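Fair warning: this is a prediction, and the values are worked out from it, not measured in the lab. Throughout, a chain's letter reflects where its sequence line sits, starting with A, and its residues are numbered from 1.
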There are 2 protein chains.
Amino acid sequence: MATIRDVAKQAGVSVATVSRVLNSNGYVNNETKKKVDEAIRQLNYKPNAVARSLYKKTSKTIGLIVPDIGNPFFPELARAVEDTAHKKGYNVVFCNTDENVEKEEHYLEVLLQKYVDGVIIASNTLTAQKVKELNIPVVSIDRKITAEIPTVVVKNKQGARKAAGYLKEIGCQRIAHIRGPHHIDNANERVDGYLEEVGSEPWFKQSYITDGNYVMKTAIQATLELLERHPEIDGIFAANDVMAIGAVKAAYQLGKKVPEELAIIGFDGISMAEATTPELTTIAQPIYDMGTAVTDLLVKLIEKKPVENTFLELDVELIERESTRKQKNKGGR
Amino acid sequence: MATIRDVAKQAGVSVATVSRVLNSNGYVNNETKKKVDEAIRQLNYKPNAVARSLYKKTSKTIGLIVPDIGNPFFPELARAVEDTAHKKGYNVVFCNTDENVEKEEHYLEVLLQKYVDGVIIASNTLTAQKVKELNIPVVSIDRKITAEIPTVVVKNKQGARKAAGYLKEIGCQRIAHIRGPHHIDNANERVDGYLEEVGSEPWFKQSYITDGNYVMKTAIQATLELLERHPEIDGIFAANDVMAIGAVKAAYQLGKKVPEELAIIGFDGISMAEATTPELTTIAQPIYDMGTAVTDLLVKLIEKKPVENTFLELDVELIERESTRKQKNKGGR
DNA sequence: ATACTGTGTGTAACCGGTTACACAAGAGAA
DNA sequence: TTCTCTTGTGTAACCGGTTACACACAGTAT
């Protein structure tokens with residue numbers, strides 16, 4: 001591999017001049033520039049990014065820390081992050097934490113030692129204190145950590161209200177909720193939204209809320225038990241699409257027809273929700289846009305550009321598909 | 001951030017000694033080591049990975065280049081790669097190429113400039129020549145590039161034979177194939193396997209093979225046209241699960257019952273195939289194992305450890321689920 | 001004639017590690 | 001006593017860029 005000194009020798013100039021040509025700063029005579037460019041071409045010279053990083057204390061790399069890329073929400077997000085980062089000249093190193101604090105801290109340490117310029121993280125275990133110690137920009141996605149950390153999320157409560165409200169609107173009389181993990185903020189917000197919409201209905205019971213842990217298997221089991229306990233349920237709002245798909249499968253097992261006897265709505269808008277039969281009605285997050293937005297935000301923070309807003313709360317959108325049906329019994333009994 | 005010189009000063013020794021303690025090489029007196037460790041602790045010193053990289057010409061980082069992380073096969077693979085890399089002390093930087101040659105070359109260049117120690121790539125556009133020029137270990141996953149490049153794939157042809165053979169076995173009389181892109185090796189191998197199994201059947205027609213391009217939408221359309229042209233078809237082997245799911249949806253649109261009137265089998269074993277109704281019968285690749293295997297292989301090459309085999313062809317496994325049914329009309333008409 | 005400004009280029013320090021090499025002291029062998 | 005080997009430590013060069021600073025020269029203002 002040719003170095004900048006080889007190029008300098010070949011072009012008959014100093015390394016400083018070559019560096020000036022490379023970075024187009026300082027004064028360089030046009031003739032000299034031509035000679036340098038020619039030498040670069042001849043030697044097929046590529047500047048060494050590591051050496052540059054060492055001096056500049058920046059690496060044009062960002063870290064992306066997610067719980068599990070196997071969770072279909074995150075690949076779609078990762079795709080957007082990578083696309084946007086690439087456009088802005090950054091690489092992405094990616095890390096799975098499995099919601100494990102030690103793994104997360106370990107990764108942050110390693111990333112820091114490698115001079116990553118910033119980090120995008122989906123976490124609930126991270127504290128503001130630790131982030132401050134990192135001394136590099138950190139932005140949070142999908143989950144609020146603290147007010148100090150720039151964040152991109154969606155209107156979870158509003159989305160949940162939309163979901164529950166929609167089920168009421170299409171005529172459901174008894175609406176249950178399969179909730180996400182108690183330690184994850186967005187799960188709690190979705191419960192809140194559900195409660196605001198149906199909590200004061202005469203038929204409402206606390207036992208209409210059941211734990212699904214954002215996982216399909218758990219949700220199937222939870223739905224089976226729920227429907228056994230409460231056969232009167234005719235609508236389910238699952239806090240994410242994966243659980244909604246689980247609910248559909250459970251209904252299928254019990255011979256309940258979806259949407260005729262049981263309407264099911266999810267949350268997230270992952271592409272898997274379009275692959276099922278019946279296709280899933282869902283509250284879609286603009287996942288790609290969220291990825292673009294956090295990355296834009298992070299890069300601005302890295303490059304110390306002005307940021308208008310460090311807390312973005314994006315809108316969600318109801319996408320009506322086959323797992324619910326509008327005409328059903330409209331207007332109540 | 002404390003540097004090695006700060007630590008040396010604090011401990012009253014030279015930087016060489018600190019470095020020896022850090023890397024446990026050379027002779028260091030036990031008392032000295034204690035002093036250094038204490039200084040490291042006091043200053044909360046973390047060695048700078050970039051400086052180390054510059055001298056050692058290695059970064060403990062590998063590149064993972066895939067066409068599109070949005071394709072559900074790749075997150076599962078990426079997860080395995082990242083897990084394994086992490087265990088061995090490597091980070092993963094990941095890149096989406098969209099099968100675009102320029103993007104791919106650009107990424108390889110950038111990765112090289114950052115001293116990544118090796119690359120895992122799923123590509124069909126890469127040439128052996130280019131790989132040689134990189135001068136770092138490159139391993140190929142999911143697709144054969146050339147004989148010189150170490151590769152991890154599955155037995156595609158054998159898997160395809162299994163799929164078609166299984167459909168025959170359960171009593172299908174007319175078996176069609178939705179194939180993947182013509183420029184992707186594994187797609188062609190799957191066609192070959194299909195042909196070996198049914199190509200000489202009296203009923204076989206070339207028009208039973210249709211293009212699906214590994215994409216759900218395309219596959220839906222292809223299936224609709226296929227079943228219109230050939231309503232006699234009672235079995236479909238799709239070259240990947242995503243297309244198989246598309247075929248199921250198409251059948252549903254046409255009112256054809258799966259599996260009673262039409263049996264459908266996929267290929268890949270992505271987790272999405274378990275989420276559908278009916279659940280998809282498929283030829284499962286050991287995706288996680290493949291990721292583990294390529295990463296192990298790459299790390300061995302990087303660390304110049306002996307490698308027993310640079311061409312791994314893993315077995316696939318038939319997973320029977322609901323989109324096919326064994327009892328149907330067994331033993332022919 | 002003098003001072004100042006803009007252009008153009010080179011030298012060497014610097015980023016923060018690693019390690020070749022030199023050197024010293026003590027133990028054991030000849 | 002002298003030589004050799006092992007242990008232990010420090011100095012400084014090195015990895016390959018970037019840039020502060022010095023210097024030189026031409027043109028222009030005073």
Side-chain angles (χ1 to χ4, degrees), chain A residues 1-37 39-40 43-61 89 109-117 135-136, chain B residues 1-37 39-40 43-61 89 109-117 135-136:
Chain A
M1 265 290 176
T3 73
I4 198 172
R5 285 164 233 267
D6 299 329
V7 174
K9 195 176 289 175
Q10 173 91 1
V13 300
S14 75
V15 293
T17 302
V18 179
S19 181
R20 288 188 193 103
V21 172
L22 286 173
N23 301 292
S24 335
N25 54 20
Y27 294 111
V28 180
N29 183 292
N30 220 312
E31 285 307 303
T32 314
K33 177 168 157 35
K34 269 185 206 155
K35 278 193 293 178
V36 172
D37 284 337
I40 288 175
L43 298 172
N44 187 29
Y45 166 75
K46 303 278 186 301
N48 180 320
V50 175
R52 184 174 285 167
S53 280
L54 180 58
Y55 189 90
K56 307 264 265 186
K57 296 182 185 309
T58 167
S59 63
K60 287 286 177 179
T61 303
E109 197 132 287
V110 172
L111 292 176
L112 207 61
Q113 288 176 38
K114 291 197 172 171
Y115 278 155
V116 298
D117 299 334
N135 279 316
I136 56 170
Chain B
M1 263 291 174
T3 73
I4 198 171
R5 284 163 234 268
D6 300 328
V7 175
K9 195 175 289 175
Q10 173 92 1
V13 299
S14 75
V15 293
T17 301
V18 178
S19 181
R20 287 188 195 106
V21 171
L22 287 173
N23 301 290
S24 335
N25 52 23
Y27 294 110
V28 180
N29 183 292
N30 220 310
E31 285 307 304
T32 315
K33 177 169 157 36
K34 268 185 206 156
K35 279 192 294 180
V36 172
D37 284 337
I40 288 175
L43 298 173
N44 188 28
Y45 166 74
K46 302 278 187 298
N48 179 319
V50 175
R52 185 175 283 169
S53 280
L54 180 58
Y55 189 89
K56 306 263 267 186
K57 297 183 184 310
T58 167
S59 62
K60 286 284 174 181
T61 304
E109 198 132 287
V110 172
L111 292 176
L112 206 61
Q113 287 175 40
K114 291 198 172 171
Y115 278 154
V116 299
D117 298 334
N135 278 317
I136 55 170

Ranking C:dG17, C:dT19, D:dG17 by distance to the side chain of B:A16, first place goes to C:dT19
In whole angstrom, what separates B:R52's CZ from C:dT19's C1'? 13 Å
Side-chain N,O (A:K46) to OP1/OP2 (D:dG16) below 4.0 Å: no
Sequence neighbours left out, what passes side chain to side chain donor-acceptor pair (under 3.5 Å) with B:N29? Give chain and number order. none
Whole angstrom is fine here: how far is it from OH in B:Y55 over to P in D:dC14? 10 Å
Whichever of B:V50 and A:G12 has its nearest DNA chain C nucleotide further upstream toward 5': A:G12
Within this structure, what is the NZ-to-C1' distance between B:K57 and C:dT18, rounded to whole angstrom? 12 Å
Ignoring backbone atoms, establish whether A:S14 has a side-chain N or O less than 4.0 Å from OP1 or OP2 of C:dG10. yes
Taking only the side-chain nitrogens and oxygens of A:S53, find out if one of them lies under 4.0 Å from OP1 or OP2 of D:dG17. no
Listed pairs under 3.5 Å, donor-acceptor, residues 20-27 of chain B side chains, sequence neighbours left out:
unit_1, atom_1, unit_2, atom_2, d
B:N23, ND2, B:S19, O, 2.8
B:N23, ND2, B:S19, OG, 3.3

Which parts of residues 109-117 of chain B get close to DNA chain D, meaning a heavy atom less than 4.0 angstrom away? B:Y115
Could you check whether B:V15 gets within reach of a base, just the sugar-phosphate, or nothing at all, counting any heavy atom under 4.0 Å? base
Could you state the atom-to-atom distance from NZ of A:K9 to C1' of D:dG16 in whole Å? 14 Å
Rounded to the nearest 0.5 Å, what's the gap from OG1 on B:T32 to NZ on B:K34? Could you check? 10.5 Å
Going by atom type alone, with no hydrogens or angles, which donor-acceptor pairs under 3.5 Å involve a side-chain atom of residues 51-60 of chain B and a protein atom two or more places apart or on another chain?
unit_1, atom_1, unit_2, atom_2, d
B:S53, OG, B:A49, O, 3.2
B:S53, OG, B:T58, O, 2.8
B:T58, OG1, B:D117, OD1, 2.9
B:T58, OG1, B:D117, OD2, 3.0
B:S59, OG, B:T61, N, 3.4
B:S59, OG, B:Y115, O, 2.6

Ignoring hydrogens and angles, answer whether the base of C:dG17 and the side-chain atoms of B:R5 contain a donor-acceptor pair closer than 3.5 Å. yes
Near DNA chain D, counting only heavy atoms under 4.0 Å, which residues of residues 19-31 of chain B show up? B:R20, B:Y27, B:V28, B:N29
Residue pair B:I4 / B:Y45: nearest heavy atoms and the distance that separates them: N-CE1, 3.5 Å
Of all the choices, C:dG17, C:dG8, D:dC15, which nucleotide is nearest to the side chain of B:L54 once you look at every atom? D:dC15
Over all atoms of both residues, closest heavy-atom pair of B:A11 and B:V36: CB-CA, 4.0 Å
For A:V15 and A:R5, work out which heavy atoms get closest and say how close. CG1-CG, 3.5 Å
Grab the CG-C1' distance between B:N48 and C:dC14 for me, whole Å please. 14 Å
Point-to-point distance, once rounded to the nearest 0.5 Å, from CE of B:M1 to CG of A:L112: 4.5 Å
What is the distance, to the nearest angstrom, from the CD1 atom on A:I4 to the P atom on D:dC15? 14 Å
Heavy-atom closest pair, residues A:Q10 and A:A39: CG-CB, 3.5 Å
How bent is the helix from C:dA1-D:dT30 to C:dA30-D:dT1, comparing axes over its five end pairs at each side, to the nearest 10°? 60°
Mind running side-chain contact (heavy atoms from CB on, under 4.5 Å) on A:N48 and A:T3 for me, showing each step along the way? CA-CA 8 Å; A:N48 180 320; A:T3 73; over 6 Å; no
Ignoring backbone atoms, establish whether B:K56 has a side-chain N or O less than 4.0 Å from OP1 or OP2 of D:dC14. no
C:dG8 OP1/OP2 closer than 4.0 Å to side-chain N/O of A:T17: no
